[in-house]
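By convention in this document, chain letters (A, B, ...) are assigned in the order of the sequence lines, proteins followed by strands, and residues within each chain are numbered from 1.
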Protein chains: 2
Amino acid sequence: MAEHDIPRATAKRLPIYYRYLKLLLDAGTTRVSSNELSDAVKFDAATIRRDFSYFGALGKRGYGYDVKALMTFFGEILNQDTLASVALVGVGNLGQALLNFNFHQSSNARISAAFDINEDIVNTIQAGVPVYSLDDLEKQISDQRIDVAILTVPAPVAQDLANRLAKAGVHGILNFTPLRLDVPSDVRVQNVDLTNELQTLLYFINNFGGAEA
Amino acid sequence: MAEHDIPRATAKRLPIYYRYLKLLLDAGTTRVSSNELSDAVKFDAATIRRDFSYFGALGKRGYGYDVKALMTFFGEILNQDTLASVALVGVGNLGQALLNFNFHQSSNARISAAFDINEDIVNTIQAGVPVYSLDDLEKQISDQRIDVAILTVPAPVAQDLANRLAKAGVHGILNFTPLRLDVPSDVRVQNVDLTNELQTLLYFINNFGGAEA
DNA sequence: GCCCTTATGTGAACTAAATAACAATTGTTT
DNA sequence: AAACAATTGTTATTTAGTTCACATAAGGGC
């Protein structure tokens, strides 16, 4: 596994590159330079070239990168050929919105099961996704070989559910809860803290000028 | 403005500290150490101490930090006394969810106006927030002295709306669009890219083990 | 009031990431 | 086929952030 020495920061940018390359390809563009990419995704051109170089020499000097080849390459790295099944835990406002969000359209993931305690929606289909009782969490996760969960539950029950998810064999949690979860070391947590994003933005605005945060 | 030399990374953690301190205070805790905080928020204790030290000597050696004093202090830094008015641009699935999200409860921000083109909801109240036509964007932003916008519109119109928002005097945009926006240098953009978060999580899971991303 | 324990605040070391700068190489034009 | 223009890949540099490690100071017990 040669990808082991790819910097975290680079890994986080890969999906962004991939998405933009797809756009270019759809628009019929065949070649692109690091400078053009830089304009679009707002990372320094040198950063982009370095990111790419971790995977070998993907471009041609004096020419740039071949859009299709590059996209195919990143597609493989991002496992675009295999569809990941994702569980949505907590079908409240945000959960509902994420069900409708349709990750599938723009990524290799699909929400294939949702869980809640609300009897009104348990055993219904929401936005094409079956909603199960939380009691069935472990069974469904295992049956459907789900290894990523999106956690959109109230804070007080978040840690408990994280424990159950981890025990059930989930390897990643996209955590919309304000809580910083405790998980075993083989589970990866990605925090999406909306209040924090907004607060941080406000802080920067109040204390400094503009520019990217 | 002494805060000018506070690292970006520190600034991003401030709201997290603040929230956790509030929790502690509500629970009646009067003192806390960097180690206890570390357990809760999952940043290294040394990082926490250094973060705090940018604002002076807030703790007592051998004792720790006074929860109430610390919270008050951070509250001021985060401008918790002034309520920021926020506009929500785009009342789709995600927009609706954010309207119900109630930032107000846990932060100093409140969505005070929403905008959409959908005639069915224009001039209605959604989750307590008036929905205006996009035609009124400039006027309302100016009248209500809104300086932050949450952008939850389809990608194709995102840049155009960002332009209008910037021109209307907004200083910050919380961008839920996959597009990397072009804005004047006095406007700050905070990107929340849900697809990217999920994709990144998947990449890490597929290529390495667990731990924080 | 003295000793011991605890936990801060910070200088120094380390690690990660971004940027600059340019030689090397390719395509294109004449 | 030679000269030119463009753009990569990478070495070196700079910047940012994290962590270590410990002297310093405060509180609490005896």
Worksheet item: Are A:Lys167 and A:Glu138 ion-paired here, with the side-chain N under 4.0 Å from a carboxylate O?
Response: no
Discussion item. Less than 4.0 angstrom from a charged side-chain N to a carboxylate O is my criterion; do B:Asp66 and B:Lys60 meet it?
Written reply: no
Once you round it to whole Å, what is the distance between [atom2] of [N] and [atom1] of [X]?
X	N	atom1	atom2	result
B:Asp5	D:dT15	CG	P	16 Å
B:Glu36	C:dT6	CD	P	13 Å
A:Lys12	C:dA18	NZ	P	10 Å
A:Asn35	C:dT19	CG	P	13 Å
B:Tyr54	C:dT8	OH	P	16 Å
A:Leu58	D:dG9	CG	P	6 Å
A:Ile48	D:dT7	CD1	P	14 Å

Could you tell me if [Y] and [X] have a donor-acceptor pair between their side chains, going purely by distance under 3.5 Å?
X	Y	answer
A:Ser38	A:Asn35	no
B:Ser85	B:Gln144	no
B:Tyr203	A:Asn79	no

Worksheet entry | Nearest non-hydrogen partners of A:Gly75 and A:Tyr18, listed with the distance | CA-CE1, 3.5 Å
Discussion item. Using every non-hydrogen atom in the two residues, find where A:Val91 and A:Leu88 come nearest and quote the distance to one decimal.
Written reply: CG2-CD2, 4.2 Å
Using nucleotides 19-26 of chain D, report all nitrogen or oxygen pairs with the protein that are shorter than 3.5 Å.
unit_1	atom_1	unit_2	atom_2	d
D:dT19	OP2	B:Thr47	OG1	3.3
D:dT19	O4	B:Arg50	NE	3.0
D:dT19	O4	B:Arg50	NH2	3.0
D:dA21	N6	B:Arg49	NH2	3.2
D:dT24	O2	B:Arg61	NH1	2.6
D:dA26	O4'	B:Arg61	O	3.2

Practice prompt. Report the residue (B:Arg31 or B:Arg13) whose heavy-atom-nearest nucleotide on DNA chain D is the more 5′ of the two.
Written response: B:Arg13
Worksheet item: With respect to the side chain of A:Ser53, which nucleotide from C:dG9, D:dT10, D:dG17 is positioned closest?
Response: D:dT10
Fill in: Touch class at under 4.0 angstrom, heavy-atom based, for B:Tyr65 against every strand present
sugar-phosphate
Discussion item. Using a heavy-atom cut-off of 4.0 Å across all strands, would you classify B:Ser34 as base, sugar-phosphate, or nothing?
Written reply: sugar-phosphate
Fill in: Residue closer to the 5' end of DNA chain C, A:Asp51 versus B:Gly59 (nearest nucleotide)
B:Gly59
